[in-house]
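Right, one structure below, let's go through it.
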There are 2 protein chains.
Amino acid sequence: MKGGSLILNKRAEYEDDLKQSGLKNTKSRKAIIDILIQSDQPITAEQIYLKLKESKTEINLSTVYRTLETLDNKGLVTKLSIMDDDRMFFEYNKMGHRHYLVCINCKKIVTIHGCPLTSYEEELEKETDFHIVGHKLYLYGYCSDCKKK
Amino acid sequence: MKGGSLILNKRAEYEDDLKQSGLKNTKSRKAIIDILIQSDQPITAEQIYLKLKESKTEINLSTVYRTLETLDNKGLVTKLSIMDDDRMFFEYNKMGHRHYLVCINCKKIVTIHGCPLTSYEEELEKETDFHIVGHKLYLYGYCSDCKKK
DNA sequence: CTACATGCAAACCGTTTGCACCCTA
DNA sequence: TAGGGTGCAAACGGTTTGCATGTAG
């Protein structure tokens with residue numbers, strides 16, 4: 001399956017997701033989810049806003065924030081604080097469980113598929129008596145370009 | 001070794017740390033580091049400010065922020081975004097490498113000692129050609145009290 | 001038609017900064 | 001006593017909110 005048809009496929013899916021979450025299927029929401037799906041890494045509200053502007057779909061920044069918050073509440077989107085500053089990043093959940101490797105120097109974010117923590121979570125549930133429902137893992141370092149310098 | 005003497009011990013250590021980082025050994029800095037060391041979990045600048053106030057050591061909030069930033073830059077403190085909102089948490093690094101288990105309901109933060117990721121980091125370095133220098137892992141779930149409800 | 005969505009501008013709030021004064025080394 | 005540290009108040013910037021208007025179902 002090629003990239004293009006994967007995205008078409010995803011679009012059909014998320015119109016369903018919106019419906020099932022009781023959300024109206026508006027132009028803004030579709031445009032914002034499109035951007036999230038096409039992005040290979042988590043992005044900020046402002047980045048989404050700018051990408052929309054580029055593609056001649058001007059949507060107010062507050063609408064972007066409100067949409068992301070709504071989708072987060074419905075579980076369709078996750079809000080992340082990858083850089084440990086006050087900029088929040090967002091990712092579309094349908095893309096599967098992912099972790100990130102962040103270059104400290106150039107801020108590049110590389111997506112890691114596959115998760116080393118499944119059995120660890122089980123162990124920890126026994127130890128702590130928590131019911132664990134998820135985790136976030138960020139790894140930091142220098143990418144191949146930056147480590148040369 | 002009892003808790004009290006551990007803390008006394010740590011204090012001697014961190015007066016050294018300050019000196020070695022070229023930082024002046026001021027009342028504010030000592031008070032702030034004391035709070036960090038005594039806390040069994042990462043805390044916010046405002047929590048530090050309030051604890052200081054309680055113990056009759058009023059230190060301006062900007063000074064708290066400035067001190068934390070200075071200590072972060074010197075590598076004595078780490079800044080974390082555990083809750084994925086715009087409140088930053090801080091921890092004292094001398095306490096060793098730690099991970100956190102956060103209760104989604106009551107916001108309790110449990111410290112986890114021991115790290116399941118050492119060999120994983122090595123694998124990943126080969127795969128990605130990054131030089132990995134650290135990671136952050138947060139696990140989320142419901143604590144034993146909250147999962148009953 | 002009506003409840004939810006959006007645009008706009010103002011408010012919010014955690015954090016940072018400029019400047020005058022203070023204190024450690 | 002010089003240069004870093006602190007208090008105070010104002011600025012900053014990402015995010016949220018109130019309100020009037022628009023639109024999907």
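Just so we're on the same page: letters track the sequence lines, and every chain starts at 1. What you see is a predicted model; the values in this text were computed from it and never measured.
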Could you identify which residues of residues 75-91 of chain B place a heavy atom less than 4.0 Å from some atom of DNA chain D, listed by residue number, or say none?
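Listed by number, there are none.
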Mind calculating the distance between [atom1] ([X]) and [atom2] ([N]) to the nearest angstrom?
{"X": "B:Tyr49", "N": "C:dC13", "atom1": "OH", "atom2": "C1'", "result": "15 Å"}
{"X": "B:Leu68", "N": "C:dG14", "atom1": "CG", "atom2": "P", "result": "15 Å"}
{"X": "B:Glu69", "N": "C:dG14", "atom1": "CD", "atom2": "P", "result": "18 Å"}
{"X": "B:Leu18", "N": "D:dG4", "atom1": "CG", "atom2": "C1'", "result": "13 Å"}
{"X": "B:Ile33", "N": "D:dG5", "atom1": "CD1", "atom2": "C1'", "result": "14 Å"}
{"X": "A:Lys30", "N": "D:dT23", "atom1": "NZ", "atom2": "C1'", "result": "13 Å"}
{"X": "B:Lys19", "N": "D:dG4", "atom1": "NZ", "atom2": "P", "result": "18 Å"}
{"X": "B:Gln47", "N": "C:dG14", "atom1": "CD", "atom2": "P", "result": "12 Å"}

Comparing B:Leu61 and A:Leu61 on DNA chain C - which has the more 5′ nearest nucleotide
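That would be A:Leu61.
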Name of the residue among A:His135, A:His113, A:Lys136 meeting side chain to side chain donor-acceptor pair (under 3.5 Å) with A:His99:
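Only one option passes, and that is A:His135.
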Return no unless some side-chain N or O of A:Thr63 is found under 4.0 Å from OP1 or OP2 of C:dA5.
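No, no such contact exists.
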Measuring from atom CE of A:Met83 to atom OH of A:Tyr140, what distance do you get when rounded to the nearest 0.5 angstrom?
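Output value for this atom pair is 8.0 Å.
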To check you understand the geometry: which heavy-atom pair defines the closest contact between A:Leu52 and A:Ile59, and what is its length?
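So the minimum-distance heavy-atom pair works out to CD1-CD1, 3.8 Å.
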Generate the contact string for nucleotides 18-25 of chain C. Rules: B means base contact, S means sugar-phosphate contact only, - means no protein heavy atom under 4.0 Å.
B-----BS
Is a donor on one side and an acceptor on the other found under 3.5 Å between the side chain of [X] and the backbone of [Y]?
{"X": "B:Ser28", "Y": "B:Thr26", "answer": "no"}
{"X": "A:Lys56", "Y": "A:Lys53", "answer": "no"}
{"X": "B:Asn93", "Y": "B:Gly75", "answer": "yes"}

Of all the nucleotides listed (D:dT6, C:dT6, D:dC8), which has the minimum atom distance to the side chain of B:Asn60?
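In terms of side-chain proximity for B:Asn60, the closest of D:dT6, C:dT6, D:dC8 is D:dC8.
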Does the side chain of B:Leu137 reach to within under 4.5 Å of the side chain of B:Ile112, using non-hydrogen atoms?
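Sidechains of B:Ile112 and B:Leu137: no contact.
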With a cut-off of under 6.0 Å to the ring centre and 45° to the axis, is A:Lys147 in cation-pi contact with B:Phe130?
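No.
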Determine, using the 4.5 Å side-chain heavy-atom cutoff (strictly less than), whether A:Ile33 and A:Leu50 are members of one ILVMFWY cluster.
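Both belong to a single hydrophobic cluster.
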